[in-house]
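Read the numbers this way: they start at 1 and go in the same order the structure lists the ligands and their atoms. Only this structure's heavy atoms are used, side chains among them; waters, hydrogens and symmetry mates stay out.
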Amino acid sequence: MAPLLLFVLLVWAVTLYALRPLFKLVLSRFCSPLRLLPSPPSPSFLVGNLAQISDEENNDIFQSWAQLYGHTFIYRGFINCPRLITTDPLALAYILGHAYDFPRPDFLMEALAEAGAGREGLLTAQGDVHRRQRRILNQAFSPSHIKSLIPIFREKAERLRDIFTQIADALPSVTTTHTDHVLSGPDPCTVLRSPLEPACQPPSTRHRTSPLQTADSFTSTRPAVDVLSWLTRATLDIIGEAGFGYSFHSLPPPGTDHSSANRPESELAHAFAAIFSTSHSFSVLSVLAIWFPFLRRFRPNSRALQEAQATMQRIGTQLINERKSAPLSDEPFCGSRDILSVLIRANATSSPCQALTHSEMLSQITTFLVAGHETTASAITWTLYALARAPVAQAQLRAALRACDKDDLYTALELPLLEYTVREALRLHAPVRSTMRVYAGAAPDCFVPLQRPVRVRWPTWHRLTRRLRFRSRSLTAQEDGNYWWHPESSIHLRHGDIVTIPIQTVNRAPDLWGPDAHEFRPERWTTLPPAVRAVPGLYAHTLTFLNGNGSGTTGNRACIGYRFALAEIKVFLACLLRDLEFTIDDDVVIKKRTNIVTRPIVASSPEIGFQMPLRLRRVPPDEVVGAPNVCS
Ligand code: HEM
Ligand SMILES: *[C@@H]1O[C@H](CO)[C@@H](O)[C@H](O)[C@H]1NC(C)=O
Ligand SMILES: *[C@@H]1O[C@H](CO)[C@@H](O)[C@H](O)[C@H]1NC(C)=O
């Protein structure tokens with residue numbers, strides 16, 4: 001009898017232990033002070049509003065909720081737990097400015113770690129470890145060092161320009177009507193007849209192939225070039241060379257035919273493709289796996305993911321060891337100038353208690369890959385897309401670029417119009433559309449200051465006693481409105497409460513940017529509405545790279561690579577747009593889909609996966625653009 005009892009008790013204990021996260025959730029559902037904030041109705045008991053939110057980029061649901069419920073409200077997550085969402089500038093500055101009190105929630109850290117960032121890199125490090133790492137890494141991302149990387153950016157950008165020019169030249173010369181060229185050109189694998197033409201490859205091989213493998217095969221079935229897959233190759237080469245001195249050879253080298261099939265793909269590129277092609281699309285299982293980690297092993301592809309991660313680790317170790325055995329030099333940029341080299345030099349000269357361990361260094365390599373590759377590819381792709389939809393803005397930028405000396409890239413990079421174009425594209429198409437934070441400060445409660453007060457519901461007991469008090473008289477409409485709610489100038493959070501930072505929603509908020517907030521207008525940057533100055537953004541009053549006023553003591557988790565990204569984006573635009581025109585057919589509907597990074601799909605053929613089909617045309621040197629309004 002006793003053994004049986006013991007066994008039953010044991011089973012109970014294990015079950016209770018396994019269900020601990022659930023108890024915590026249920027507790028927060030009913031006790032969090034957040035539950036009293038306004039919220040949209042929840043369509044599902046299990047996953048709350050999460051399904052609606054997964055398509056946020058296309059349905060702008062945060063924006064429509066903000067219109068109904070104000071700047072600060074909640075939505076419902078797993079088993080309807082409340083999650084805060086706010087576009088209030090003061091609240092955002094507070095939350096992002098106290099980065100160590102508001103880390104990313106575990107499940108987000110886990111997702112990033114699994115996507116390849118490891119558990120010891122800057123993206124996933126916490127508290128003091130993060131502070132120590134950030135201090136050393138800052139040296140490698142200094143403005144002067146980023147400037148020294150521009151020749152690497154330029155080489156890749158010019159290579160891509162040459163490839164695009166080759167493709168454009170294979171098109172019939174009359175390309176001014178963009179809808180119907182019938183192509184039988186020398187290179188049928190780059191361009192195609194009509195958007196609706198059946199694919200010349202079986203769908204099964206096209207389905208879910210990684211961008212890295214698709215540049216050639218996909219374009220054969222398309223009317224235009226998939227700029228996303230080409231840019232993904234180019235930015236992979238760049239983060240490899242400028243980040244840690246590894247040649248991915250993802251773009252075909254000069255002198256080879258861009259369409260030559262079966263180019264060997266570098267090992268690391270292959271591993272990385274495996275990781276990023278795993279589509280973490282919304283499913284109940286993926287939500288459950290957040291809270292019950294043992295479910296993760298049932299997710300598709302997890303074996304392939306592990307193998308890919310192992311490859312990344314092996315190659316990373318090799319790269320570090322190569323650099324460590326290279327003779328040490330005090331000269332800042334003599335020898336290899338990639339970021340990893342600078343890091344290893346900075347580490348060697350730092351005091352032992354500040355230094356990075358081997359596995360921390362290893363994690364930085366994969367962190368750069370995860371954080372700096374698809375993000376920039378997405379940013380440049382969306383910029384080209386925005387310019388394709390705004391031909392006048394594109395022509396003006398081209399005229400400004402052509403007014404600069406062809407060989408003087410540095411002058412072109414300083415053009416105000418180029419800067420405005422980049423700002424506007426990054427505002428409208430933030431590659432990271434939102435992020436999350438969880439309150440984890442020392443005090444159990446926290447009050448986040450607000451610029452604009454929030455409506456808070458009285459707790460149930462309070463409402464009941466009020467009802468008793470007011471029972472005897474009838475209320476006016478005004479009183480009735482205030483009956484259940486009262487305004488508060490701060491948000492009450494308790495330990496474990498989750499906050500969504502709606503990057504894209506803030507970037508496009510009509511009350512900050514005006515009624516045309518959804519339009520691509522680079523010229524808006526010449527005269528900004530004063531309201532946007534309240535946004536605590538690192539760059540251009542946007543949250544695209546997160547916040548600008550974090551410090552060493554409170555933690556700074558803004559994008560460390562933003563100067564790298566901006567320089568890279570500008571070099572590509574300067575090189576590509578000078579000689580090439582990008583257009584898109586009016587009937588092609590582009591939608592956004594987010595898998596860590598927000599990327600485009602074609603609405604009519606989502607099964608093909610991420611793509612951005614743009615048409616290319618080489619612009620003759622003497623082509624006159626109608627009266628450009630160049631702000632230089
Ligand atoms: C347009 C391109 C880019 C965008 C939009 C972008 C955006 C962001 C955002 C929003 C974060 C904060 C994420 C969070 O805390 O939830 C971040 C962090 C980070 N980014 Fe970027 N990023 C870009 C390019 C790069 C590049 C090129 C690199 C490196 C070479 C890089 C390295 C990092 C790192 C290491 C972090 C973590 C910083 C920390 O936690 O201290 N990013 N980025
Ligand atoms: C960031 O700025 C906001 C207001 O602009 C301020 O309230 C907050 O304390 C600042 N945070 C830090 C860490 O400086
Ligand atoms: C960083 O420097 C310390 C000594 O200051 C050294 O022990 C450590 O191995 C170095 N880490 C790497 C990855 O080079």
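- Between E158 and R154, at least one side-chain nitrogen of the basic residue sits less than 4.0 Å from a carboxylate oxygen of the acidic one, meeting the salt-bridge criterion.
- Residue T505 holds its OG1 atom at 8.0 Å from CD of E57, rounded to the nearest 0.5 Å.
- Per-residue contacts place P431 under 4.0 angstrom from the following atoms of ligand 1 (heavy atoms of the residue considered): 5 (C).
- Summarising the geometry, atom OG belonging to S551 is positioned 8.5 Å from atom NE2 belonging to H98; distances are rounded to the nearest 0.5 Å.
- Between the choices N347, L343, I136, L340, the shortest heavy-atom distance to atom 12 (C) of ligand 3 belongs to N347.
- The shortest separation from a heavy atom of G243 to ligand 1 is not under 4.0 Å, leaving the residue out of contact.
- Counting heavy atoms from C-beta outward, D237 and R159 have side chains that stay 4.5 Å or more apart.
- Applying the 4.0 Å criterion to heavy atoms of A565 picks out, from ligand 1, the atoms 1 (C), 2 (C), 24 (C).
- Protein heavy atom in closest approach to atom 13 (C) of ligand 1: R104 NH2, 4.0 Å.
- Atom 7 (C) of ligand 1 has its nearest heavy-atom neighbour, among T375, L538, T544, in T544.
- Proximity of a side-chain donor or acceptor of D226 to a complementary backbone N or O of M612 within less than 3.5 Å is detected.
- Between L122 and H130, the closest heavy-atom pair is O-CD2, 3.5 Å.
- Closest approach of P103 and Q126 over heavy atoms only: CB-OE1, 3.3 Å.
- Of the listed residues (L543, I560, I380), the one carrying the non-hydrogen atom nearest atom 34 (C) of ligand 1 is I560.
- Looking only at heavy atoms of the protein, atom 13 (C) of ligand 3 is closest to M361 CB, 3.6 Å.
- Contact annotation for K324 and ligand 3: only side-chain heavy atoms (C-beta onward) come within less than 4.0 Å of the ligand.
- Of the heavy atoms in L356, only backbone atoms (N, CA, C, O) come closer than 4.0 Å to ligand 3.
- When only non-hydrogen protein atoms are considered, atom 12 (C) of ligand 1 lies nearest to L546 CD2, 3.5 Å.
- Set against the non-hydrogen atoms of A379, the atoms of ligand 1 under 4.0 Å away are 1 (C).
- Contact annotation: for F141 versus ligand 1, heavy atoms closer than 4.0 Å belong to the side chain alone.
- Nearest to atom 30 (C) of ligand 1 among the protein's heavy atoms is I239 CD1, 3.5 Å.
- Given atom 26 (C) of ligand 1, the protein heavy atom at minimum distance is G372 CA, 3.3 Å.
- Judged by the 6.0 Å distance and 45° axis criteria, R427 is positioned over the aromatic ring of W513.
- Within the 3.5 Å criterion, the main-chain N or O of R76 finds a donor-acceptor partner in the side chain of N49.
- In this structure, atom 36 (C) of ligand 1 lies nearest to the protein heavy atom L123 CD2, 4.0 Å.
- At a heavy-atom cutoff of 4.0 Å, ligand 1 is contacted by both the backbone and the side chain of L122.
- Less than 4.0 angstrom separates atom 7 (O) of ligand 3 from none of the non-hydrogen atoms of the protein.
- Heavy-atom proximity to atom 19 (C) of ligand 1, evaluated over A377, G555, C559, is greatest for C559.
- Taking CD1 of I320 as the start and CG of L362 as the end, the distance is 5.0 Å to the nearest 0.5 Å.
- When only interatomic distances are considered, the shortest N/O to N/O separation between T376 and ligand 1 does not fall below 3.5 Å.
- None of R524, R508, R521 except one satisfies the salt bridge (Lys or Arg N to Asp or Glu O under 4.0 Å) rule with E424; the exception is R524.
- The protein heavy-atom contact nearest to atom 4 (C) of ligand 1 is F545 CE2, 3.4 Å.
- The two residues Q451 and A534 make their nearest non-hydrogen contact at OE1-CB, 4.2 Å.
- Between P431 and the choices T376, T381, L426, T598, the side chain to side chain contact (heavy atoms under 4.5 Å, CB included) rule is met once, by L426.
- Counting heavy atoms under 4.0 Å from ligand 1, residue N556 touches it through the backbone alone.
- Contact annotation for A371 and ligand 1: heavy atoms of both the backbone and the side chain come within less than 4.0 Å of the ligand.
- A salt bridge is absent between R494 and D497; no separation between the charged side-chain nitrogens and carboxylate oxygens falls under 4.0 Å.
- Those atoms of ligand 1 with a heavy atom of R134 less than 4.0 angstrom away are 38 (C), 39 (C), 41 (O).
- The shortest N or O to N or O distance between H130 and ligand 1 is under 3.5 Å.
- Residue-level proximity to ligand 1 for M436 is absent, since no heavy atom of it falls below 4.0 angstrom.
- In terms of protein heavy-atom proximity, atom 4 (C) of ligand 3 is nearest to A355 CB, 4.2 Å.
- With a heavy-atom cut-off of 4.0 Å, E568 does not touch ligand 1 at all.
- Contacts with ligand 1 closer than 4.0 Å are made by no heavy atom of R563, backbone or side chain.
- Ranking protein heavy atoms by distance to atom 16 (O) of ligand 1, first place goes to T435 OG1, 2.5 Å.
- Look at E241 and R337 and you find no salt bridge, because none of the NZ, NE, NH1 or NH2 atoms lies under 4.0 Å from a carboxylate O.
- Proximity of T349 to ligand 3 is not established, as no heavy-atom distance is less than 4.0 Å.
- Here the CD1 atom belonging to I238 is positioned 10.0 Å from the NE2 atom belonging to H373, to the nearest 0.5 angstrom.
- When each atom of ligand 1 is checked for a heavy atom of F564 under 4.0 Å away, the hits are 27 (C).
- The part of A558 lying near ligand 1 is the backbone, judged by heavy-atom distances below 4.0 Å.
- Of the possible polar contacts, one joining the T349 side chain to the R345 backbone as a donor-acceptor pair under 3.5 Å is found.
- Cation-pi geometry between R83 and Y75 is not satisfied (NZ or CZ under 6.0 Å from the ring centre, within 45° of the ring normal).
- Looking only at distances, no side-chain donor or acceptor of E419 sits under 3.5 Å from a matching main-chain atom of L415.
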